[in-house]
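Whatever order the structure lists them in is the order used to number ligands and atoms, beginning at 1.
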Amino acid sequence: MILRQALQRASEALASHDIEDAPLEAELLLRHALRMSRTGLYAELGQEFPPDKTETFWQLIGRRLAHEPTAYIMERREFFGLDLHVDHRVLIPRPESELLVEKAIELARRPPGSPRRLIADIGTGSGAIAISLALNLPQSKIYATDASAAALEVAAVNCERHKVADRVWLLQGDMLAPLPQPVDLIVANLPYIEEGALGQLSAEIRWFEPMSALAGGADGLESIGRLLAQAGGKLRPQGCLVLEVGRGQAGAVTSLAESHFPHARVGLAPDLSGMERAVIVEV
Ligand SMILES: C[S@@+](CC[C@H](N)C(=O)[O-])C[C@H]1O[C@@H](n2cnc3c(N)ncnc32)[C@H](O)[C@@H]1O
């Protein structure tokens, strides 16, 4: 069988299991099995499939047919232009969370005379947000916390890979408790899926991603509410928060923020689909 035929068959198999973007996913897995670039693959499509790679490739396709996300199969995901290691210990970073990074960079650089240099990323998972901030804010020091020791192992791999281990301090513990000092800026993408919606998530998410990264309690706002309740004691003067929220949660989180910080300026930022995705609290 030549590579073009294998690609076609894999794509059809994925499509028959209702896997979105089947042709793209088949291509990614084929390139992963053959360790080939996109241009390399397209130049070789007429060549015979290497016999020693056949089993590996169809095993990868089998895993995807069983709904394992491609990012876990390939153990990588791109976020904010960075190649990150990901595996079942962490949530796969989502493109919409890049908005948090953009907003946090803006806030960290403002005001120009006294930038906000001390930052905390709460619930860091793979370290995606903390590492993106460290690379774009070279003067900053970042505490990246997570309740999950296993997630922090992944974050440590990514900090080493991107050479920011000297500026990103990984701390295990609940919410803001591990922070050794108040900070200028708190960024958090905490679990926010409400209990009743967990069962409706795709098999990819429900069966493979850590539930502790998703479940936000009865109304989805348990973690975010706890963070806001604690934040007052962990923010320096002129401090601010950037929080990711789920669909329809921006209003409730704004009210929560206003109740904990009655004098703060609370704003919202939409993601690329137009959904209010980030709540920004300037204390
Ligand atoms: C939605 S994931 C976000 C991961 C990463 N920040 C990202 O954007 O890809 C939430 C993360 O919060 C962590 N987490 C959940 N409850 C926590 C708590 N009480 N304290 C600290 N971290 C918590 C989870 O382990 C998980 O890594």
field: Verdict with supporting geometry, Lys103 and Glu106, salt bridge (Lys or Arg N to Asp or Glu O under 4.0 Å)
entry: CA-CA 5 Å; Lys103 293 293 156 196; Glu106 273 173 39; 3.5 Å; yes
message: Less than 4.0 angstrom from a charged side-chain N to a carboxylate O is my criterion; do Arg31 and Glu27 meet it?
response: yes
field: Val86 to Pro93 - nearest heavy-atom pair and separation
entry: CG1-CD, 3.7 Å
message: Under 4.5 Å between side-chain heavy atoms, counting indirect links through other Ile/Leu/Val/Met/Phe/Trp/Tyr residues: same cluster for Leu190 and Tyr143 or not?
response: yes
field: Within residues 270-283 or reaching into it, pairs that qualify as side chain to side chain donor-acceptor pair (under 3.5 Å) - sequence neighbours excluded
entry: Tyr192-Arg277, Asp271-Ser273, Asp271-Arg277
- request: Sort out the contact shell of ligand 1: every protein residue with a heavy-atom distance below 4.0 Å, listed by chain and number.
  value: Leu91, Pro93, Gly123, Thr124, Gly125, Ile129, Asp146, Ala147, Ser148, Gly173, Asp174, Met175, Asn189, Pro191, Ser212, Ala213, Arg226
- request: Examine distances only and state if a side-chain atom of Arg206 and a backbone atom of Glu204 form a donor-acceptor pair shorter than 3.5 Å.
  value: no
